[in-house]
Amino acid sequence: METKQEVHAFSGAVQSKLHKASTSIFAVMSAEAEKHNAINLSQGFPGFPVSEELISLCHKYMKQGLNQYAPMPGVLKLREMISNKMKKAYSLYYNPSDEITITAGATQALFTAISAFVKAGDEVLLFDPAYDSYAPAIEMCGGVAIHINLNESDFSIPWAEVKNRVNHKTRMIIINTPHNPSGSVLSASDLLQLEKICSQSDIIVLSDEVYEHIVFDGYEHQSVARYPVLASRSILIYSFGKTFHATGWKLGYAVGPKNLMQEFRKVHQYLVFAVNTPLQHAMAEYMQCESNYTEVHKMYESKRNYFSSLLKSSRFKLLPCSGSYFLLLDYSNISKNKDTEFALHLTREHKVASIPVSVFYKNAPDQYLLRFCFAKEEHELEEAAKRLCAI
Ligand code: PMP
């Protein structure tokens, strides 16, 4: 008979470096969705397939034998394609040789950038509600996350407060546009205010632009790269997972001026060294057809419009969504329960899973908001809307 010896728990003191971290809400809600057979609009991943052409390209490069380590900063052809895109879209030239690095998704790129620049005691300003990896990454480096709540009415940045919070310890400011979870976008005036606040300082801006191609209503994405003075102190972060709806491939990149990218790469080489080779070659070839990424907003805009129109007769209030693939719904006409409780109730009783917005805050205001991901097939959006309208 086979005997099974189980591993004993570590008997020493574990001394967690992230003692506040628990199971992420995304895992919790997805598990709840599965358990209760609910439509899962909680986690932000597209529910439709990756392009067949892109899959064939990956296969082609694997068959060609490009299966060993890529160069540390990434496959040069891909960095060249990114440089072309940045120049065309934002009129700023980043040198592929030393100003662009391919990463294992945006989360790794964010962590790398924070590790490269944030030292013990440094303060980093971030805006809540915020993507959940920023604060733990700052904490892991011994930095202090300074959470500033976005304005409640429209999720804009309260610049007067930012100005007050900046001091000699401020090492970094993290911005995110289009914004997860609110779907808001920054304007030209926002970036000019940021530029002014940072001038005469050593502050580095970390600009999370993973939804750069998902902006709606004819709006132009306000990349930091459109503002050369600001760009000279900024690392910009992107994700192929978002642009090509292949979140499971975990491929992204960072761009920044040479002297900042040099520091970024020092960390990158010890954290991952290099990332998936055949996928990088495939992305480089796929990017040759510009419409593969410049047109992606059309598909998401029609999904946003469709989902919103289906929800018009519901008791939820729809908040404006100018970018990303998330829509916030205000349920205050239905319940005044906490959003974490209401999200569970919705999943269990009405079979639609979402994310309570308070989890993206350190100090959440009193609000009644849930985030729904509309990057799904039409039939799924229809069924979800039907269930939400029945409440
Ligand atoms: N930043 C934001 C704002 C995001 O929403 C996400 C994905 N949810 C990421 C970064 C991470 O992207 P990736 O999957 O490429 O790590």
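Just so you know, ligand 1 is whichever comes first in the structure, and atom 1 is the first atom listed for that ligand. Residues: numbered from 1 along the sequence shown.
- Atom numbering of ligand 1 starts at 1 in the shown order; those under 4.0 Å from a heavy atom of Asn176 are 3 (C).
- A ring-centre distance under 6.0 Å is not found for Phe316 and Tyr331.
- Neither the backbone nor the side chain of Gln108 has a heavy atom within less than 4.0 Å of ligand 1.
- For His297 and Tyr300, the ring centers sit 6.0 Å or farther from each other.
- Listed by number with element, the atoms of ligand 1 under 4.0 angstrom from any heavy atom of Asn180 are 3 (C), 4 (C), 5 (O).
- Among the atoms of Tyr211, some N or O lies under 3.5 angstrom from an N or O of ligand 1.
- Within the 6.0 Å centre-distance limit, the rings of Tyr325 and Tyr211 are counted as a close aromatic pair.
- Proximity to Lys242 (heavy-atom distance under 4.0 Å) selects the following atoms of ligand 1: 6 (C), 7 (C), 8 (N).
- For Lys250, every heavy-atom contact with ligand 1 shorter than 4.0 Å involves the side chain, none the backbone.
- Among protein heavy atoms, atom 12 (O) of ligand 1 sits closest to Ala106 CB, 3.4 Å.
- Neither the backbone nor the side chain of Phe240 comes within 4.0 Å of ligand 1, counting heavy atoms alone.
- Tyr368 does not carry Lys338 over the face of its six-membered ring by the limits of under 6.0 Å from the centre and within 45° of the normal.
- Annotation: cation-pi pair Lys298/Phe216 absent, no NZ/CZ under 6.0 Å from the ring centroid and within 45° of its normal.
- Side-chain atoms of Asn95 and Tyr93, non-hydrogen and from C-beta on, do get closer than 4.5 Å to each other.
- With ring centers used as reference points, His221 lies 6.0 Å or more from His213.
- For ligand 1, none of its N or O atoms has an N or O atom of Gly105 under 3.5 Å away.
- Only the side chain of Asp208 comes within contact range of ligand 1, with a heavy atom under 4.0 Å; no backbone atom does.
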